[in-house]
Amino acid sequence: MENLEYAPFLNDLDTSQKEAVMSLEGPLMVLAGAGSGKTRVLTYRIALLMFYGVDPFNILALTFTNKASKEMRERIERLVGPEAKNLWMGTFHSVFAKILRAEAPKIGYQPNFTIFDSDDSKSMVKSIIKEMNLDDKLYKPSVIYNRISSAKNNLITAEEYLASSELSIQDEANGRPKTADIFLEYSKRCYKSNVMDFDDLLINTYKLLKEHPDVLNKYQHQFRYVLVDEYQDTNHCQYMIIKKLVAVSRNICVVGDDSQSIYSFRGANIQNILNFANDYPEYKVVKLEQNYRSTKTIVAASGDIINHNKQKLDKTIWTSNPEGDKINVIKALTDKEEGTLVSQQIYSLTNLQGLRNEEVAILYRTNAQSRAFEEALRKINIPYKIYGGLSFYQRKEIKDLIAYLRLTVNQKDEEALKRIINYPARGIGDTTIQKVAYIANQYKVTLWDVLEKAHHFDVFGSALSKLQNFYMMICNFRDTAKTKDAYDTVEYVAKQSGILKHLHEDKTPEGISRYDNIMEMLNGVKEFCEDDTNEVDKTLDAYLQDVALLTDADKEDESEHEKVKLMTIHASKGLEFPAVFVVGLEENLFPSFMTLQSRAELEEERRLFYVAVTRAEKHLFLSYATSRFRYGNLLYCEPSRFLTEIEPKYLNTTAMFKGKTLPSKDSVFGKNEVQEKTTSRFSINPAYRSQFDTPKPPASDPNFIADDLSNLKEGCRVVHQRFGKGIVESVSRDGINSKAVINFEEGGSKTLILKFAKMKILA
DNA sequence: TACTAAGCTCTTTTT
DNA sequence: GAGCTTAGTA
């Protein structure tokens with residue numbers, strides 16, 4: 001392959017990038033620091049392979065997100081033209097699903113298998129726990145599911161798990177000795193339902209390659225060049241699959257950054273990148289150390305952070321970019337004030353410094369933190385968009401429709417059936433469903449089989465005809481799907497199932513938004529059918545496979561223009577923004593208290609902080625609050641230890657609160673105070689119930705304040721929802737919360753810290 | 001069977 | 001704060 005003509009596009013690259021792109025043969029590890037042009041290297045490398053005449057059919061490129069693969073495909077297309085469509089490029093899950101779809105019978109599945117998302121998996125685990133009469137306080141579905149998932153990611157089957165004394169000792173110690181049995185039952189049931197969960201897509205691929213040498217041989221020879229993006233995030237199973245696939249060609253190129261490994265909770269094993277040298281002794285390593293993204297200050301500060309970690313590969317990130325501004329530290333009293341201060345800064349960035357809203361991102365550790373920023377941004381009319389959170393595909397109405405579709409394709413899909421057998425309500429209640437489940441268990445058949453033969457059982461009474469109607473309806477859908485394309489089928493199902501009608505009748509704002517979501521999904525299906533870059537296959541089967549592996553981040557959206565972006569740090573990986581706010585930098589929140597146990601996990605939290613700050617190009621803000629409402633409680637917070645890991649000379653800690661002194665902890669959080677919970681539902685003192693059951697007076701009524709404490713004065717007679725009637729002795733305010741001493745008739749004097757007035761003011 | 005009010009339990013990140 | 005479960009009622 002040497003001495004070929006020189007591809008002109010290589011001139012866009014710097015020396016080390018060029019080296020990484022041009023080392024086409026043999027194992028190559030590219031250690032790519034943040035902002036060093038990693039995607040560029042991957043795309044140019046693939047483009048160069050094709051430039052040299054390698055058939056795109058022989059190139060396999062694996063990414064972690066659909067977004068990354070889509071972006072890469074588009075960039076390659078710009079370099080080499082439409083042939084890029086034929087590349088084997090996609091997420092691990094989607095590429096393997098495609099292979100499994102083709103080879104399903106070899107490992108005992110039918111090709112129309114459907115894919116469980118983690119909600120389905122947890123729901124199935126939950127019903128198994130229930131059926132085994134286990135205490136669901138001990139056996140929490142999510143805990144069990146995570147344990148099953150991590151076993152699978154380490155290629156441990158249910159049978160091996162059952163046989164392992166080590167694992168059973170662990171489970172015994174945790175008081176969950178039955179975990180192995182749940183795992184076994186779960187596996188059996190998935191198999192019986194002709195369903196694969198996310199992990200199955202990986203382990204079944206491994207199984208297929210391991211047990212069928214002919215298949216392995218076929219793909220080993222097909223994929224002459226294998227490229228893996230974000231290699232630091234691969235788990236053991238993915239690692240083993242890659243190892244098998246490249247065993248013949250040994251043309252493997254992995255690109256990654258150990259400093260950005262933030263997915264160990266999902267099974268990612270950082271050792272995979274740390275041990276690359278052992279697996280491929282003849283390997284070559286290229287380090288991309290020049291950062292093209294951020295200012296010198298940001299690069300230096302991020303270096304300070306990551307150098308606190310012990311486990312890392314040796315590299316030094318540098319930049320020739322300008323020095324840039326200092327990093328601003330924002331200190332706020334509460335989460336609400338944090339929102340206000342951050343949004344004020346955004347206002348000044350966009351209105352005084354000429355940034356556009358879409359160039360600004362707010363990054364947080366947990367999705368729940370977004371609320372304070374949403375409220376503050378809304379208040380000063382800055383448009384924003386939240387990424388992640390409740391994904392479009394996790395919305396109830398979308399999951400309902402997808403459940404119909406899954407059942408249409410695969411009638412054995414138990415979770416789908418249970419979800420929609422009585423939605424919209426068609427008079428098939430819990431007792432009837434339990435009877436069906438009981439029979440299915442007794443005869444060791446699927447729920448669907450029982451529906452088919454329902455007339456043989458004399459136990460359903462008037463529900464029999466309803467079951468039969470449901471059965472007929474799904475059969476009808478199944479037959480429709482055989483002759484029509486995905487769009488026509490989905491539209492037909494949405495109408496005939498009654499979902500559309502049901503939602504259309506609901507005129508509440510939520511109902512309307514649900515209806516709109518269904519319409520949006522229909523639009524999505526239409527696009528899928530019309531999009532010619534997709535597979536030729538436009539059937540419902542193909543659509544479902546696509547949609548099961550799609551996440552919100554992949555959804556096309558023009559509405560993001562001119563909007564500030566809000567997302568978790570995890571979701572921000574791979575992105576960059578001129579201005580970044582990393583918020584909620586408090587001990588126990590970031591680093592998360594879950595991870596404060598072990599050193600290794602703390603290192604991962606630190607890598608997460610590193611990822612967050614390295615998203616920023618020019619402006620970086622770090623913010624924290626000294627008290628915070630979480631789960632309805634006002635909590636005291638210490639600033640995050642990570643803040644002290646940056647050299648003070650890079651920080652500007654004075655600008656944000658000059659002249660302001662914050663009150664001491666004790667003056668805010670005294671000892672005899674009741675911290676009022678601001679839950680939407682709370683227990684009402686029965687004696688005063690009637691006063692709250694009456695319809696709310698109009699907002700103009702001076703005696704009623706819904707969520708504003710401004711009228712609360714000394715001497716007010718109030719009815720509180722938990723403590724009953726009382727008289728306000730004194731009120732003090734700190735601008736965000738009110739502190740009121742109230743003498744209650746039953747319960748004595750109490751000091752309440754109030755966020756909202758969950759009380760009526762009587763006089 | 002369907003709907004609602006009240007109660008309980010979290011405490012993370014997601015392909 | 002929110003999702004989920006349970007108990008009670010229509």
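Convention: sequence-line order gives letters A, B, ...; per-chain numbering from 1.
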Contact class for A:Ser94 vs. all strands (heavy atom < 4.0 Å): base, sugar-phosphate, or nothing?
-> nothing

Starting at OG1 of A:Thr114, measure out to OH of A:Tyr109 and round the result to the nearest 0.5 Å.
-> 10.5 Å

Between P of B:dT15 and CE of A:Met567, the distance in whole Å = 13 Å

Nearest-Å distance, CZ (A:Phe593) to P (B:dC10)?
-> 11 Å

Report the residue from A:Glu586, A:Glu638, A:Glu337 that forms a salt bridge (Lys or Arg N to Asp or Glu O under 4.0 Å) with A:Arg628.
-> A:Glu586

Give the nucleotide from the list B:dT1, B:dT12, B:dT14 with an atom nearest to the side chain of A:Thr431.
-> B:dT1

Please say which of A:Thr234, A:Asp258, A:Asp233 ends up in a side chain to side chain donor-acceptor pair (under 3.5 Å) with A:Asn272.
-> A:Thr234

Measure from the side-chain heavy atoms of A:Thr91 and tell me the nearest of B:dT15, B:dT14, B:dA2.
-> B:dT15

Pairwise P distance, C:dC4 and B:dT13 [rounded to whole Å] | 15 Å

Kindly assign one of parallel, tilted or perpendicular to the pair A:Phe64 and A:Phe92, based on the angle between their ring planes and the thresholds 30° and 60°.
-> tilted

Does the side chain of A:Lys140 get closer than 4.0 angstrom to OP1 or OP2 of B:dC10 through an N or O atom?
-> yes

Whole-Å distance between C:dT6 C1' and A:Lys130 NZ?
-> 10 Å

Of all the nucleotides listed (B:dT13, B:dC10, B:dT15), which has the minimum atom distance to the side chain of A:Thr65?
-> B:dT15

B:dT13 base stacked by A:Phe265 (centroids within less than 5.5 Å, tilt under 30°) | yes

On DNA chain B, nearest-nucleotide positions of A:His570 versus A:Gly429: which is more 5'?
-> A:Gly429

For the pair made of NZ in A:Lys152 and C1' in B:dT15, what is the distance, rounded to whole Å?
-> 14 Å

Could you walk me through whether A:Tyr186 and A:Asp197 pass side-chain hydrogen bond (donor to acceptor under 3.5 Å, both in side chains), step by step?
-> CA-CA 11 Å; A:Tyr186 173 76; A:Asp197 67 13; 2.8 Å; yes

Touch check for A:Ala425, heavy atoms < 4.0 angstrom, all strands: base, sugar-phosphate only, or nothing?
-> sugar-phosphate

Between C1' of B:dT12 and CZ of A:Phe609, the distance in whole Å = 17 Å

Checking B:dT12, B:dT14, B:dT15 against the side chain of A:Asn367 (C-beta onward), the nearest is B:dT14

Are OP1 or OP2 of B:dT14 and a side-chain N or O of A:Ser118 less than 4.0 angstrom apart?
-> no

Give a yes/no on whether any side-chain N or O of A:Asn422 is located under 4.0 angstrom from OP1 or OP2 of B:dA2.
-> yes

Could you say whether A:Lys466 or A:Tyr145 is positioned toward the 5' end of DNA chain B, judged by the nucleotide with the nearest heavy atom to each?
-> A:Lys466

CG of A:Leu363 versus C1' of B:dT12: gap in Å, rounded?
-> 16 Å

For C:dA2, does OP1 or OP2 lie under 4.0 Å from any side-chain N or O of A:Arg371?
-> yes

A:Phe198 and A:His93 aromatic ring geometry - parallel, tilted or perpendicular at 30°/60° bounds | perpendicular

Starting from C1' on B:dT15, measure out to NZ on A:Lys122 and report it in whole angstrom.
-> 13 Å

Does the side chain of A:Lys126 get closer than 4.0 angstrom to OP1 or OP2 of C:dT5 through an N or O atom?
-> yes

In whole angstroms, how far is the P atom of B:dT12 from the CZ atom of A:Phe590?
-> 15 Å

